[in-house]
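Okay, so here's the structure we're looking at.
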Amino acid sequence: MSENAIEIRGLEKTYAGRKGEPAKPALTGIDLDIPAGSVFGLLGPNGAGKSTLINILAGLVVKSAGQVTIWGFDQDVNPRQSRAAIGVMPQELNLDPFFAPRAALEVQAGLYGVPKSKRRSDEILRLVGLEDKADAYARTLSGGMRRRLLLAKALVHHPHVLVLDEPTAGVDIELRQMLWENVRRLNDEGMTIILTTHYLEEAEEMCDEIAIINRGSLVARDTTANLLGRLDGKTMVIEPNDTPKRLPEADGIEVQTRPDGTLALTYNSSQMPAETVLAAVRDAGIHIRDVRTEQADLQDVFLELTRSR
Ligand code: ADP
Ligand code: MG
C-alpha cells in the first residue's frame, strides 16, 4: 500500500447525451491523490461532478477514461479488491423497502462476501443509533433513519475508505452530529474518510485536506489550513497610473492583473504588513493612482475559484 488511499489519473466521464442533446462531459481529466488516514473534503457547486467522481470510485458509474486506484488496487486490474476497500454512502436514498435494517445489512454483507462469523450487524446498528429499529419495516423509517441505514450499509465490509456523498444535506442537527461523531471515531480508528458537502464551514471543521471541483475539473487542492490561509488573505487592489512594465514580486504576495487594469495583490495580513505590499509595488516602478483593500472570506474565494469562465 502506498501512502495514498486513492489515486486518480486522467479521469474522464461523459454521460450519453439525452435525446437530441449533445453529450456533455461531467469530468474532464481529474488527477487527484487522497492520503490514507485523512478526512478529505470534495467541494463544488451543484452539477460540478462530485457524485460522478464518487460513483466511479464506488463502481456504480463506468468511467470514460483514466485510471482509478483504491488502496493500491487498480479498478480495472483488480476490481474485486478495489471494491472491497471502499464503502459508499450515496447521496440518494436508494433503499430496498422490503428489508428491515438488520436484514438489509445481512444482505449487503452477503453481497460483499463477508462470512457470517465476521458480520457485526448489531454493532453497526448500534453505532448509527438504529438498534431499536433493527427489525422495523423499512417503510416505517424516517428520512433520517434511512440515512443512518445507508451509512450502516457502507460499513458492513469493514472498508479502508468510507465515502459520504452530501451526508448532511437537509438533515436535522441531531443526525448531523451523529454523523460527525461517527466520522471522527472511524477516522481515529484509521479509516480514510472522503466526503462531499457544499457547506464550507463543515468542510473547514471536519477536513484535513480539500479539493474543489467545478465543471468537471479540479480548481484547487490543498490542506484545509493552507486553503484557509488563502481565505484569510487580504487583497490590495492597486490602480496604477500607467500600464505596469513589470509586476511586483515578493514572497507571500500573489499578483493578478484584472480585466479592468487593476492589480490585485493577495497576501496574508496576519503575516505581512500592508507596508511590505506597497513597497513591492513601488519597487516594480509602479505609481499608485488609487488603492483599496478587499477582505476575502470563505464564500468569496469559493466563488472566485468556481466562477464560470
Ligand atoms: P454534483 O454531485 O457535483 O452535483 P453530478 O456528478 O451529480 O454533480 O453531475 C455532474 C454533471 O453530470 C451534471 O451536469 C449532471 O447533470 C450530469 N449527470 C449526472 N448524472 C447523470 C446521468 N446519469 N446521466 C446524464 N447526465 C448526468
Ligand atoms: Mg452530487
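Ligands are counted one by one from 1 in listed order, and the atoms in each one are counted from 1 as well.
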For Gly49 and Leu27, the nearest pair of non-hydrogen atoms, with its separation, is O-CD2, 3.6 Å

Tell me whether ligand 1 is touched by Pro45 - counting only heavy atoms on the residue side and a distance under 4.0 Å. yes

In this structure, does ligand 1 have an atom that sits under 4.0 Å from one of the heavy atoms of Gly47? yes

Can you tell which part of Lys24 has a heavy atom less than 4.0 Å from ligand 1: side chain, backbone, both or neither? side chain

Can you tell me if Arg80 has over 12 outside heavy atoms packed within less than 6.0 Å of its CZ? no

Based purely on interatomic distance, does Ala26 place a nitrogen or oxygen under 3.5 Å from a nitrogen or oxygen of ligand 1? no

Which atoms from ligand 1 have a heavy atom of Thr52 less than 4.0 Å away? 5 (P), 6 (O), 9 (O), 10 (C)

Geometry only, no angles: is Gln91 polar-contacting ligand 1 at N/O separations under 3.5 Å? no

Counting heavy atoms not belonging to Tyr137, are there more than 12 under 6.0 Å from its OH? no

Does NE2 in His158 sit with more than 12 non-hydrogen atoms of other residues, nucleotides or ligands closer than 6.0 Å? yes

Kindly check if the number of other-residue, nucleotide or ligand heavy atoms within 6.0 Å of CG (Asp96) is above 12? yes

Taking side-chain contact (heavy atoms from CB on, under 4.5 Å) as the criterion, tell me which of Leu265, Thr266, Val291 meets it with Val277. Leu265

Is it true that some N/O/S atom of Gln91, main chain or side chain, lies under 2.8 Å from the Mg ion (ligand 2)? yes

As a quick check of understanding, evaluate side chain to side chain donor-acceptor pair (under 3.5 Å) for Glu202 and Thr197, giving each step before the final call. CA-CA 8 Å; Glu202 200 163 272; Thr197 177; 3.2 Å; yes

Within the 4.0 Å heavy-atom shell around Ser51, which atoms of ligand 1 are there? 1 (P), 2 (O), 6 (O), 7 (O)

Under-4.0 Å protein heavy-atom contact, atom 16 (O) of ligand 1: no

Is Asn46 close enough to the Mg ion (ligand 2) to have an N, O or S atom under 2.8 Å? no

With heavy atoms of Asn46 as the reference, note each atom of ligand 1 found under 4.0 Å away. 4 (O)

Show, in sequence, the C-alpha distance, side-chain angles and deciding distance for Leu32 and Ile213, and conclude whether the side-chain contact (heavy atoms from CB on, under 4.5 Å) test is met. CA-CA 11 Å; Leu32 181 62; Ile213 70 172; over 6 Å; no

Which residue and atom name correspond to the protein heavy atom nearest atom 8 (O) of ligand 1, and how close is it? Gly49 N, 3.1 Å

Atoms of ligand 1 close to Ala48 [distance to a heavy atom under 4.0 angstrom, numbered from 1]: 1 (P), 3 (O), 8 (O)

Do Ile124 and Val156 have side-chain heavy atoms sitting under 4.5 Å apart? yes

Quick test: of every protein heavy atom, which one is nearest to atom 27 (C) of ligand 1, and how far off is it to 0.1 Å? Tyr15 CD1, 3.2 Å

